[in-house]
Structure formats: structure tokens, C-alpha cells
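Just so we're clear, the structure is a prediction, and the values are computed from it rather than from any experiment.
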Amino acid sequence: MLLKIRAVAFDLDNTLWDVDPVIARAEQRLLEWLRENCPRIPERLSPEDMRAARLALAAREPHNAHDFTYLRIASLTEHARQSGYPEEIAQQAFEVFFAARNELEFFADVLPGLERLRTRYALGTLSNGNADLELIGLADFFAVSLNARGIGAAKPDRRCFERLVHDLRVEAHEVIYVGDDPLLDVEAARAVGLMTAWMNRTGQVWPVEVRPADINVRDCIELAERLGT
């Protein structure tokens, strides 16, 4: 089946980089900016309070729950209003967070792996997050870059993978989707007919209740080797 593959598509967070320290740094950068520019907000609300507010907003507006950008800006807007600041502060604060969110280091295998893969395959990305590949410096590798905000739905919704296949201009069975999450990435992609690769960078144990991916790889170099580049 791997011989029929024409396109390779990737999840982003925790597949091409470690996202947890990135988000932690971005949250800290945002907090420092708030303390300097609108201190009444962090005086009233801790980072945990602001996170809880975003979760509550997602629960109240399930049609927007996939859109992390909207949730953060809308919540910051409400925090500004309640703290006596103009609502425009929210966009400024988000831009501080977003800039830091896109300051990251790829895993060491990513660039050489992508260089090898793009000699043979069309490459794409599909992420639930809001990373900006232009800002990060990876955009030129990918023919298609999609995220939940742009699609209007988040993985595991099948619309995400259907849009990916459509934009890559191939058949579903000609795409292999690579991700770290057994459910959101592997099982969801397989349900739409894509081939699947589990990116297991940390030696995790596959959940027994989920059918295994078509291939398991530890990094992008091994993926390129398995796909014959």
C-alpha cells in the first residue's frame, strides 16, 4: 500500500516540535505584557483563571470551540472590559502571545527529513493548533497547510481530512497522515481512508483498544526511509 502514496501530510504540535515549552513561554510573555500594559487584568485573574475562562467560552459556544485564536481574543476582550480597559487591548495582547507561540525549534530530524520527502511527495499539514508556518519558516516545504480555524472544524472531525485530501488533489488512499495522537491523528485519518503513520518520539505504548497505524516511526528521518526517499 505504501507504494501508492503520492502525498505526505503532517500534524504539527508534538509531531514536528515540542509544543509544551512553546506555549508555556508564550503564556509567560503574555503575562509579562499584561503586567506592564494593563496590570488590573493579571491582578484580577491568574493564568489558570484565564485558561478556565477560555474553556468556559468553548463550552458556551461549541461552534467556536475549534478556534483557539477566537477563544483567546474573545476571552481577553472580556477580561479587558471587566478590568476597565478598551477592548482593543485584547488584539494587542494576542499579538504578543502569537509572536511567542511561533518562536520555536523543530526537532533536529525535521528539516533533513522534509528535504528528503519533498523530492518524491507532495507535502501538507493539518493541525488543530494555530501555528503560522510562514512565521516559523517552514511554509515553503508544504503545498497545503490547513488548520482547524480555517476549516471550521477540528480533528477528529472527518471534514478536516476530507479538506486535506481535496486540497492535495489526490485520492484519500494516496495520502499518508503523520501524527503523534493515536485518536486525533491515526484513527481519525484512517476513518476517511488515508494511510497513517504514528510519530512516536518518546517511546509511548500504543493503546490496545485502537487499531495500529500502518507504520510507526520515531522521527522524520525514519519516515523518509520507510517511504523510500
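- Atom-to-atom distance recorded for Leu114:CG and Asp109:CG is 8.5 Å, nearest 0.5 angstrom.
- The hydrophobic cluster containing Leu71 does not contain Ile73, counting ILVMFWY residues as joined when their side-chain heavy atoms lie under 4.5 angstrom apart, directly or transitively.
- Closest non-hydrogen pair, Gly129 versus Arg101, comes out as CA-NH2, 4.2 Å.
- Among all heavy-atom pairs drawn from Ala9 and Val175, the shortest one is CB-CG1, 4.3 Å.
- A salt bridge is defined here as a Lys NZ or Arg NE, NH1 or NH2 lying under 4.0 Å from an Asp or Glu carboxylate O, and Asp181 with Lys155 fails to meet this definition.
- Here CZ of Arg35 is found 10.5 Å from CG of Leu30. Values are rounded to the nearest 0.5 Å.
- Residue pairs that meet the ring pair (Phe, Tyr, Trp, His ring centres under 6.0 Å) test with at least one member in residues 185-227, sequence neighbours left out, are Trp198-Trp206.
- No option in Asp13, Asn200, Asn14 other than Asn14 meets the side chain to side chain contact (heavy atoms under 4.5 Å, CB included) test with Asp180.
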Practice task
Decide yes or no on side chain to side chain contact (heavy atoms under 4.5 Å, CB included) for Arg226 and Glu222, but give the supporting numbers first.
Solution key: CA-CA 6 Å; Arg226 294 289 298 276; Glu222 183 177 6; 4.2 Å; yes

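- Each of Leu184 and Val186 belongs to its own hydrophobic cluster when Ile, Leu, Val, Met, Phe, Trp and Tyr are linked at side-chain heavy-atom distances under 4.5 angstrom.
- Hydrophobic clustering, with ILVMFWY side chains joined whenever heavy atoms are under 4.5 angstrom apart, groups Leu126 together with Val144.
- With hydrogens and angles disregarded, a donor-acceptor distance shorter than 3.5 Å links the side chain of Arg190 to the backbone of Pro212.
- Using a 4.5 Å heavy-atom cutoff, the side chains of Arg120 and Leu227 are not in contact.
- What you find for Leu12 and Ala131 is that their closest heavy atoms are CD1-CB, 4.4 Å.
- Salt bridge annotation for Arg72-Glu27: present, with a cationic side-chain nitrogen under 4.0 angstrom from a carboxylate oxygen.
- Tyr177 and Phe161 have perpendicular rings, their planes meeting at more than 60° on a 0 to 90° scale where under 30° would count as parallel.
- The neighbour count for Glu36 CD, taken as heavy atoms of other residues, nucleotides or ligands under 6.0 Å away, does not exceed 12.
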Practice task
Check the pair Leu146 / Arg163 against side chain to side chain contact (heavy atoms under 4.5 Å, CB included), numbers first and verdict last.
Solution key: CA-CA 8 Å; Leu146 301 172; Arg163 172 72 178 275; 3.6 Å; yes

Show me the side-chain donor-acceptor pairs of residues 84-91 shorter than 3.5 Å, one per line, residues at least two apart or across chains.
residue: Tyr85; atom: OH; partner: Arg40; partner atom: N; Å: 3.0
residue: Glu87; atom: OE2; partner: Arg81; partner atom: NH1; Å: 2.5
residue: Gln91; atom: NE2; partner: Glu95; partner atom: OE2; Å: 3.4

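- Residue Glu32 places its CD atom among more than 12 non-hydrogen atoms of other residues, nucleotides or ligands, all under 6.0 Å distant.
- In terms of modelled atom types and a separation under 3.5 Å, the side chain of Thr229 and the main chain of Ala224 share a donor-acceptor contact.
- The distance from the CD1 atom of Ile151 to the NE2 atom of His66 is 9.0 Å, given to the nearest 0.5 Å.
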Exercise for the section: Just do the side chain to side chain contact (heavy atoms under 4.5 Å, CB included) check on Val22 and Glu103 with the steps written out, would you? Expected result: CA-CA 7 Å; Val22 174; Glu103 295 172 6; over 6 Å; no

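- A pairwise comparison of heavy atoms in Gly179 and Asp11 identifies CA-CB, 3.9 Å as the closest pair.
- If you take CD1 on Ile5 and CG on Asp214, they are separated by 8.0 Å, rounding to the nearest 0.5 Å.
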Practice task
Walk me through it: do Cys220 and Leu111 pass the test side chain to side chain contact (heavy atoms under 4.5 Å, CB included)?
Solution key: CA-CA 8 Å; Cys220 291; Leu111 293 180; over 6 Å; no

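- The side-chain heavy atoms of Val165 and Glu171, taken from C-beta on, include no pair separated by under 4.5 Å.
- More than 12 heavy atoms of other residues, nucleotides or ligands lie within 6.0 Å of CD in Glu61, so this atom counts as buried by the packing criterion.
- Between Arg116 and Pro112 there is no side-chain heavy-atom pair separated by less than 4.5 Å.
- Tested against Met195 for a side chain to side chain contact (heavy atoms under 4.5 Å, CB included), the candidates Ile176, Ile215, Val178 yield a single pass: Ile176.
- The two residues Pro182 and Val210 have their closest heavy-atom pair at O-CG1, 4.2 Å.
- Note: the hydrophobic cluster containing Phe94 does not contain Phe68 (ILVMFWY, side chain heavy atoms under 4.5 Å, direct or indirect links).
- Between atom CD1 of residue Ile136 and atom CZ of residue Phe106 there is a gap of 6.5 Å, rounded to the nearest 0.5 Å.
- Criterion: ILVMFWY side-chain heavy atoms under 4.5 Å apart, direct or through other members. Under it, Val8 and Phe107 are part of a common hydrophobic cluster.
- Between the CZ atom of Phe10 and the CG atom of Leu117 there is a distance of 5.0 Å, given to the nearest 0.5 Å.
- Of the possible polar contacts, none joining the Asn128 side chain to the Ala154 backbone as a donor-acceptor pair under 3.5 Å is found.
- Residues satisfying the ring pair (Phe, Tyr, Trp, His ring centres under 6.0 Å) criterion with Phe97, sequence neighbours excluded, are absent altogether.
- The side-chain heavy atoms of Glu162 and His166, taken from C-beta on, include no pair separated by under 4.5 Å.
- Residues Glu115 and Phe141 form a side-chain contact, since some pair of their non-hydrogen atoms from C-beta on lies under 4.5 Å apart.
- Contact annotation: the side chain of Leu57 approaches that of Tyr70 to within less than 4.5 Å [non-hydrogen atoms, C-beta and beyond].
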